[in-house]
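What follows is one structure encoded as structure tokens, with my remarks underneath.
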Amino acid sequence: DSGVTQTPKHLITATGQRVTLRCSPRSGDLSVYWYQQSLDQGLQFLIHYYNGEERAKGNILERFSAQQFPDLHSELNLSSLELGDSALYFCASSVDMPGNSGANVLTFGAGSRLTVL
Amino acid sequence: AQKITQTQPGMFVQEKEAVTLDCTYDTSDPSYGLFWYKQPSSGEMIFLIYQGSYDQQNATEGRYSLNFQKARKSANLVISASQLGDSAMYFCAMRGRIIQGAQKLVFGQGTRLTINP
């Protein structure tokens with residue numbers, strides 16, 4: 001158990017629908033990162049939150065949004081789903097100390113596998 | 001921009017042999033970190049080893065070691081005495097120095113390692 005909890009583990013839905021993926025970071029970690037892993041695109045960075053604030057955006061579609069709550073858990077909202085959104089969505093957390101410390105390792109959750117039919 | 005290249009899509013190794021997984025990187029940031037993750041068929045991303053750009057010695061973690069050659073911009077993963085359980089996808093990743101908040105982890109395309117009995 002990595003300490004990062006993601007729910008649900010599996011989700012099957014139809015095109016046009018909306019889903020919410022949830023992530024609870026490791027205790028003590030302030031940063032939450034979302035990644036999408038698909039067969040054709042590999043691991044793609046979506047968005048990063050640090051202590052409730054958005055810090056960086058990657059290849060995140062406008063149909064997707066995220067937030068981090070005061071208790072540091074995060075949610076990734078995916079709307080108007082398309083077949084191509086089928087992927088494994090990872091949340092990762094990190095303590096993110098300033099500098100280049102080896103402590104700043106991203107710990108990944110087990111992922112949420114989304115299938116859009 | 002940061003880039004990670006893993007040139008071996010797949011590797012097949014006999015059990016108990018050592019294996020080297022190649023990773024080259026490109027960055028203009030003098031301070032960076034290099035990571036290796038393992039992704040078994042179950043899907044989770046497991047952190048294996050970390051190397052900081054200013055670390056004088058190559059990182060080691062049990063059977064894993066990182067052959068860090070800064071001048072060549074390579075960070076190859078060496079697995080000694082391979083085991084059947086080492087069969088998985090392996091990802092090399094890099095992140096820059098953390099200043100305010102953090103910078104995203106950039107992943108390579110991965111190498112699928114298969115250990116034969």
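Throughout, a chain's letter reflects where its sequence line sits, starting with A, and its residues are numbered from 1. Just so we're clear, the structure is a prediction, and the values are computed from it rather than from any experiment.
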Exercise for the section: Spell out, yes or no, whether A:F108 and A:V32 are grouped together once hydrophobic residues are joined by side-chain heavy atoms under 4.5 Å, including indirect joins. Expected result: no
Exercise for the section: Assess whether atom CZ of A:R63 is packed by more than 12 heavy atoms of other residues, nucleotides or ligands within 6.0 Å. Expected result: yes
Practice task
Quick one: closest heavy-atom pair of A:F90 and B:M45, and the distance?
Solution key: CZ-CG, 3.6 Å
Problem - Side chain A:Y35, main chain B:L105, donor-acceptor under 3.5 Å - result: yes
Practice task
May I ask whether B:L34 and B:V106 are part of the same hydrophobic cluster, defined by side-chain heavy atoms of I, L, V, M, F, W, Y residues being less than 4.5 angstrom apart, directly or through others?
Solution key: no
Exercise for the section: Determine whether more than 12 heavy atoms belonging to other residues, nucleotides or ligands lie under 6.0 Å from atom CG of A:L39. Expected result: no
Problem - Path from A:F64 to A:L43 over hydrophobic side-chain contacts below 4.5 Å - result: no
Practice task
Report, by ascending residue number, the residues of residues 9-19 of chain A in heavy-atom contact with chain B at a distance under 4.5 Å; give 'none' if the set is empty.
Solution key: none
Handout entry: For chain A, which residues of residues 73-84 of chain B have heavy atoms nearer than 4.5 angstrom
Key = none
Problem - Any side-chain heavy-atom pair of B:Q39 and A:L88 under 4.5 Å - result: yes
Exercise for the section: Side-chain contact test, heavy atoms from C-beta onward, threshold under 4.5 Å: evaluate it for B:F91 versus A:Q37 and give yes or no. Expected result: yes
Exercise for the section: Report, by ascending residue number, the residues of residues 12-24 of chain B in heavy-atom contact with chain A at a distance under 4.5 Å; give 'none' if the set is empty. Expected result: none
Handout entry: A:L76-A:Y50 co-clustered via ILVMFWY side chain contacts under 4.5 Å
Key = no
Practice task
For B:K3, look at atom NZ and say whether over 12 heavy atoms of other residues, nucleotides or ligands are found less than 6.0 Å away.
Solution key: no
Handout entry: Side-chain heavy-atom pair B:R95, A:L106 within 4.5 angstrom cut-off
Key = yes
Practice task
Treat each ILVMFWY residue as a node, draw an edge where side-chain heavy atoms are under 4.5 Å apart, and state whether A:Y49 and A:V4 are in one component.
Solution key: no
Fill in the blank from the handout: Within residues 107-117 of chain B, contacts to chain A at heavy-atom distances under 4.5 Å involve B:F107, B:Q109
Handout entry: Closest contact, heavy atoms only, A:V105 versus B:Y37
Key = CG1-OH, 3.8 Å
